[in-house]
Structure formats: structure tokens, C-alpha cells
Protein chains: 2
Amino acid sequence: MKGIYTIGDAARQSGVKVPTIRYYEEIGLLPAPPRTEGGRRSYGATDLRRLAFIRHARELGFEIDAIRTLLQLQDEPDQSCAAADAIARDHLVTVERRIASLTALREELARMVEGCSHGHVASCRVIEILADHGECAHHEGARA
Amino acid sequence: MKGIYTIGDAARQSGVKVPTIRYYEEIGLLPAPPRTEGGRRSYGATDLRRLAFIRHARELGFEIDAIRTLLQLQDEPDQSCAAADAIARDHLVTVERRIASLTALREELARMVEGCSHGHVASCRVIEILADHGECAHHEGARA
DNA sequence: CCTAGTTCCTCTAGCGACTAGAGGAGCAAG
DNA sequence: CTTGCTCCTCTAGTCGCTAGAGGAACTAGG
């Protein structure tokens, strides 16, 4: 398991961009790898796995702090996974809320676009609804 | 239509926070209002309407730049509303994409949480799926 | 008229999660 | 040995705010 990958390789294999990898190192999400004589980062298979983990978690919308915790958990396989479970559950709730609010929003936008008679701005449904909150179904409808 | 509202009044009436109102002024989304002798901003009814418009549009997830365009359109009621329509349609597409990707994500998270046997990290579905992208249905599933 | 409390002012800096660009050094192939 | 790619560090910018410092100006009560 020697360090055999350059940062570019790591980027290609993990799908995380080069500057982002360096950024992850800077914020302590990824350990600083050994360097070659010329001062270049050289990654091993473990790093690539870690990067893939991070990328997947980011894709799933987990925040960096949550990922930090998940990574710590992964490093101690004997611990109870209750914490990981809690993080995932928590995130599921967030996602569900976000879906609900976006769905309401979609209705609103669809009504807006549909009602538009494609005439002049003066009689434009889109502008009208935006101007008059009272006209819309989106009262206190949470945040996207 | 005199300037009769303080920035605090404007904030209360529009639901936009005081520093945010000043920020909108700074970025040119809201015109700089006249000041009182003591140097305080004094807003009129027009400003309040504009603020409400902005707030509503932000609530609906429109970006500041889109709102800038929409406001310009609102100021010229004789123009065709095609542009406003396009912006709204565009945003609708974005929202629909976001919903689709979040829905896929929800499935993924639900499977993760369900599969978790609440034992040790070593056999935790949550960690496992995160570590191994191949195990999950979320291939190239766009961004949340 | 004085004071206490609130609201306002400007200014700078910070958030999250990157992204972009400058300016320079290392390295592999022809 | 030169060309062109990758890599290095560093600073600054993105978006849409938010937080805090330090100070001035109103408002109500005594």
C-alpha cells in the first residue's frame, strides 16, 4: 500500500477536484499525505477510499461536519453505530422537509407560468404573484 | 407617498431583516432611500412593495440576479413579459430537477437507515453504503 | 432638562464549501 | 533542451447573508 497516486490521479479516481482535495486537507478532513522529494503529495489506496467516502457523502448532501463524524466512526469499527444512524436519520428528515417545501414551490411556479398570458408585463401573472404575496398559496411555507 | 417608515418598520412589514435591507441597498437591489436630518433611512410605500417583492421571490428560491431582472421588468410594464416568463420557467426546471434528485436521495437514505442493524460500526449499513458507491442506486444522480 | 433604553448608523470580518487566478517549480517526452 | 503538462503555495473571490464593534440619534419617563 505504497503512496503511488499523485493528486491528479486521486482527483480522477475519486471525482473530487484537485483544489478541493487540497482544501479537504487544509480543513483536516483528509490527512496530509507524505510528499515526494520534489514536494508533491503522494496518496495511497486508503486515501483514495477516504476521498471516495467523502465524495459520496457530499453527493448525498451531508455537511462537512457530519462527514467528519462519520469518518471518525469509520475509523473505530468496534463502536456502536448509533451515532452514524442518528446522523443519517437526521439528514433524512432534513431532506424530506426540503422535498416538501420544494414541491409546494413547484406548484406555485407552475401556476405562475401557466397563468402567464404572454402579453405585457402589466398583466403578467409571474410579476403579479411575486408582487402580491396574498395571491399565493405559499404562506409561511418554510424554506427551500 | 412620503417617506414615513424607518428601516425597522420596513423590516417588520416586509419580513426582511434590517441588515439584509441595507445589504440589498448596497448591492443595488433596492434604491438608496432619502435620509432624515439625523442621517436615517426613510422609506416610502413603494420601497415596501419592492421589498415584499424581493422577499417573496427569495422565498421562492429566485437568485438575486434573477430578481434584479424581474424588478427591472416590473418597472417597465409595457414590455413583453416573455423575459419574466422565461426566468420563471427556468427556475421551475431547476426546482423540478432538484426535487428529482432529492427524492432519489431520500430513497437512498431511507434504505441506509432501514438496513442499519444498530450494532457495531463494522457492520453498519450507513457507513458501508457511504464507503462503497457501487452499492448504491445513486450513480451519477445529479446534485442536490 | 436629564437620563435610560432603544434604534439607528458605518465598518469590518465571518460563514460554508468551495473556485479562480497569479506566479513559480518539477517532471516526462521528443 | 525545450515544450507543455502537472504540481506547488498563496491570495482573493463567490453567494447571500449574519454578527459584532463602536458610536450617534432619537423617544419616553422622571
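All figures in this text were calculated on a predicted structure; none of them were measured in a lab.
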Would you list the protein and nucleotides 22-29 of chain C atom pairs, both N or O, that sit under 3.5 Å from each other?
{"from": "C:dG26", "atom 1": "N3", "to": "A:Arg40", "atom 2": "NH2", "distance (Å)": "3.4"}

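Closest heavy-atom contact between B:Leu109 and A:Ala88: CD2-O, 4.3 Å.
Phosphate proximity of C:dA17 to A:Arg55: absent, as no side-chain N or O sits under 4.0 Å from OP1 or OP2. Remark: A:Thr6 is in phosphate contact with D:dC7, judged by side-chain N or O atoms under 4.0 Å from OP1 or OP2. Note on B:Lys17: every side-chain N or O is 4.0 Å or more away from OP1 and OP2 of D:dC17.
A:Glu96 CD: more than 12 foreign heavy atoms inside a 6.0 Å radius.
For the ring pair (Phe, Tyr, Trp, His ring centres under 6.0 Å) test, residues two or more places apart in sequence or in another chain that qualify with A:Phe62 are A:His91. Residues forming a side-chain contact (heavy atoms from CB on, under 4.5 Å) with B:Pro31 (at least two apart in sequence, or on another chain): B:Asp47, B:Arg50. Partners of A:Asp85 according to the salt bridge (Lys or Arg N to Asp or Glu O under 4.0 Å) rule, which considers only residues two or more places apart in sequence or in another chain, are A:Arg89.
Proximity of a side-chain donor or acceptor of B:His56 to a complementary backbone N or O of A:Ile129 within less than 3.5 Å is detected.
Of the candidates C:dC18, D:dC8, D:dG16, the closest approach to any side-chain atom of B:Glu63 belongs to D:dG16.
For the segment residues 18-30 of chain A, residues with any heavy atom less than 4.0 angstrom from an atom of DNA chain C are, sorted by number, A:Thr20, A:Tyr23, A:Tyr24.
Residue pairs meeting the side-chain hydrogen bond (donor to acceptor under 3.5 Å, both in side chains) criterion with at least one member in residues 7-25 of chain B, sequence neighbours excluded: B:Thr6-B:Asp9, B:Asp9-B:Arg12, B:Glu25-B:Arg41.
The CZ atom of A:Arg35 sits 12 Å away from the P atom of D:dC7 (whole-angstrom rounding).
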